[in-house]
Each structure stands twice: as C-alpha cells, then as structure tokens.
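Start at 1 and go down the list; that is how both ligands and their atoms are numbered. Hydrogens, waters and symmetry mates are skipped; everything else that's a heavy atom, side chains included, is used.
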Amino acid sequence: MSKKINLKALSKDEISGFMEQQGLPKYRTDQLLDWLYIRYAASLDDITEFSKDLRKRLGGIACIGNLQLVKRQQSSDGTEKFLFELEDGQTIESVLIPDKDRLTLCISSQVGCAMGCRFCLTGKSGLIRNLRAWEIVEQILSVNRLIMPKKITNIVFMGMGEPLANFDEVVEALKRIISYFGISKRRITLSTSGLAPKILELPGRAPEVNLAISLNATTDAVRDRLMPINKKYPIRSLLDACGKFPLRPRRLLTFEYVLIAGVNDSVEDGSRLVRLLRGLRCKVNLIPLNPPDPHAGSDLQRPSDAAVLAFQKVLEENNMTVLIRESKGQDILAACGQLRGRYSVERAAAGRQERRG
Ligand code: SF4
C-alpha cells in the first residue's frame, strides 16, 4: 500500500491542489487550514466540520503528521523545554522562554549539527539530518497546543542546528510561520554561526526577519578554535556579508558573544570587538557561558562577573548597544542541544540496563 500523504508536509498551494484533485471546493481548503493551524487538529477525525464520509475518504489517502512529546521540563525561572520525537525516532528540542508579555519559542532546524562549535553539546553529535519545513513549523504548533489558550509571540532559530545550512526548508518554514500563525517578521530571528554566502542569499529568498550572528571571538585564531566554520568563512568575510545585509530603518543586526573565561573575555577583546563592528548597525548580546555540563565534557569555563562587566563597559564607552543575557533554564539544561544530549545519555543508559537485565 502506498504511503499516506501528510497534509502538514504540504504548502498552502499544494493543499489547495490536493483538495481540488479530490473534487472539493475552495472553502474546504480554508476549513482544513483552519483546523490544522488554528484549531490544532491532531487527526482527520478531529475535523468535525467535515462529514464522517469525507473524513473517511480523506483518511484513506492522507493523514496529519504530529511530533510526539517525549519530555517536558520547567525551569525555576519559568523557561520550559520540550523534547519531541520525530516520525523516524530522532529527537529535537524546543525551548519556551516567557519574558514580560512575550512568549518566545527557540526552535530547532536540524537534528544534530555539523558546525561543531566547541561550547555546544549539539555540535558534538554531528549532523544527523535536516528537518523538513513542516517539522520546523510543527514545533510551534505543538507547543501552542500544549500551552493553550496562550500563544507563542516570538520565534528564534537558536535551537539545534545551523538554520542556514538547511536553507530551503528554513525559508519555506519562515513563510509558513508568518502565514499560518500571523507572527510578524519583526518577531522572528534567524541565528547563524556565520555561513557568509547564505547571509548574502537571504534577502532575495526569505522574508525580512531579524538576523543574529553568533560571533564569539575577535581574532580568527580564537574563532577557528571555538567555531570551526571560521576556517571557511573568517571574521572579515563574515562581517563583510553582514554589512551587505539590508536593514529597514530602526532595525539592527544582533551579534551574540558567548563570554568564556580566559578565551575571549579580555578588555582587549572588547576593544577589538568595537573596532570590528564599527560601521555596522548592530547591538551586542553578551552571554556568559553556562556552567559546564558534566556530559558535555567541556573544559570551557564561565568568566567572573567582574570580567563580564568590564567587557560590557568597553562596549558601552564606545556607544555600542550592549546587553548581558543569561542563558535561561540552566537547571533544565536549556542551552542548545543539552536536553537532547541528556535524553540520549539516559536512553543509552536505560538500554544498557535493559540488555543487562
Ligand atoms: S552552537 Fe549552533 S551552530 Fe554551533 S554547533 Fe551548536 S547548534 Fe550548531
């Protein structure tokens, strides 16, 4: 028997085409989209606006794909982390960050990641596969369903994976997020480790969302060590690409800078950062490294508060917009990839016990 069509994997036009093929009028397409993305139907049987016969007929050839919630954890600071299982058994995570009237969801774009950043647990597992556009979008839908009647207001692509390395699916997902959930472009941020050519490709291909660059170093020698992608696209070529990124009035690029003790947190680094970013319309987020996770096996350390403040002062004295941001949800391992890492470790341990037992 041929595999059923997953309606969530189809674009709006493809859904229209599918419904037309079934001899159904246009209003049925609108109803279907409404049930999928506004009323969160998890199966065709939920769509009570369709007659039983129609549900049965469509159910013979189509289905509604869903992510399976494996784990949900809440941090003492209100951050919530969701681990989802995909249809092929792989897992991804999404992190919900409440902040005043905002509910930001940090979503994944790949299973694993090929970039190998040294301060990141996801990077250690390597790339397993790209997410499809619907799997990216589905993270928002699944969390919206779980937190009803609240709704996610902002999206950041800072979960597992390098979004620009899964370019086509991420671009399609952006279009669907804006169209299905009505989240404005200004409330969506793509974060990249620095794929310079893809930054240049974005403006012609994707909706005008915000761009964040994970910079984390002021010399190529240090960035090469922290982020191997730098060997391919060194700081200068990355910043040149950033300079060509079109920005609407009042919008800024964001540079993320994870501060690591004795590696990139000196006052000299601060001065170099000022010089590097001169001429770019941007703000800087300083993120003191999370306390090391024993599973990450990392020797990198968080800097002292004094070092963080001294670094910030250098930037402020040079009239830069700079914020210190703490990683949220530290007690639930909410830095990218950490819950998945822990879950895999637990699962592996459980598997070992089962085999022993
Ligand atoms: S920090 Fe982001 S780009 Fe770097 S390895 Fe982790 S997931 Fe990949």
Side-chain angles (χ1 to χ4, degrees), residues 81-84 86 90-95 97 104-131 135-136 139 155-167 169-170 173 189-199 202 210-217 220 222-235 238 241-242 254-260 263-264 285-293 295-300 302 325-330 333-344:
K81 185 139 177 161
F82 303 87
L83 185 74
F84 292 112
L86 306 169
Q90 295 294 344
T91 52
I92 51 166
E93 59 191 26
S94 318
V95 178
I97 307 155
T104 302
L105 190 70
C106 174
I107 57 177
S108 297
S109 55
Q110 298 180 308
V111 183
C113 182
M115 297 300 137
C117 302
R118 259 191 77 202
F119 47 82
C120 167
L121 194 58
T122 302
K124 293 194 193 319
S125 62
L127 175 66
I128 297 168
R129 74 168 172 89
N130 282 330
L131 290 185
E135 293 169 321
I136 299 172
Q139 296 168 64
I155 304 291
V156 292
F157 282 73
M158 291 184 189
M160 292 164 58
E162 162 55 63
L164 299 189
N166 184 16
F167 198 86
E169 298 294 323
V170 165
T189 301
L190 268 186
S191 175
T192 179
S193 60
L195 300 190
K198 295 291 178 192
I199 292 176
L202 266 178
N210 300 307
L211 184 65
I213 299 99
S214 187
L215 188 61
N216 309 322
D220 282 325
V222 173
R223 198 162 191 272
D224 281 354
R225 268 200 297 133
L226 291 178
M227 306 179 74
I229 187 67
N230 195 67
K231 292 181 189 146
K232 205 162 178 195
Y233 307 115
I235 293 175
L238 172 58
C242 292
T254 302
F255 286 94
E256 309 282 351
Y257 195 100
V258 176
L259 284 163
I260 306 168
V263 175
N264 63 0
N285 285 339
L286 298 177
I287 308 149
L289 184 74
N290 254 343
D293 175 46
H295 295 279
S298 172
D299 54 347
L300 304 176
R302 181 189 170 95
R325 294 210 179 257
E326 283 297 337
S327 295
K328 295 279 188 171
Q330 295 188 7
L333 305 173
C336 74
Q338 291 194 13
L339 179 66
R340 182 177 179 278
R342 174 61 61 85
Y343 176 70
S344 309

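- A salt bridge does not link Asp224 with Arg118: none of the charged nitrogens is closer than 4.0 Å to a carboxylate oxygen.
- Counting atoms of ligand 1 from 1 in the listed order, those under 4.0 Å from a heavy atom of Met115 are 3 (S), 8 (Fe).
- Ion pairing between Glu162 and Lys198 fails under the 4.0 Å rule for side-chain N and carboxylate O.
- In the model, Gln110 has a side-chain atom that pairs as donor or acceptor with a side-chain atom of Asn130 under 3.5 Å.
- Those atoms of ligand 1 that come under 4.0 Å of a heavy atom in Gly161, given as number and element, are 7 (S).
- For ligand 1, the atoms lying closer than 4.0 Å to a non-hydrogen atom of Gly116 are 5 (S).
- Asn210 is linked by a side chain to side chain contact (heavy atoms under 4.5 Å, CB included) to Thr189, Arg251, counting only residues two or more places apart in sequence or in another chain.
- Taking the side-chain hydrogen bond (donor to acceptor under 3.5 Å, both in side chains) definition, one finds that Asn264 meets it with nothing, sequence neighbours left out.
- Listed by atom number, the atoms of ligand 1 under 4.0 Å from Cys113 heavy atoms are 3 (S), 5 (S), 7 (S), 8 (Fe).
- One of the N, O or S atoms belonging to Cys120 lies under 2.8 Å away from atom 6 (Fe) of ligand 1.
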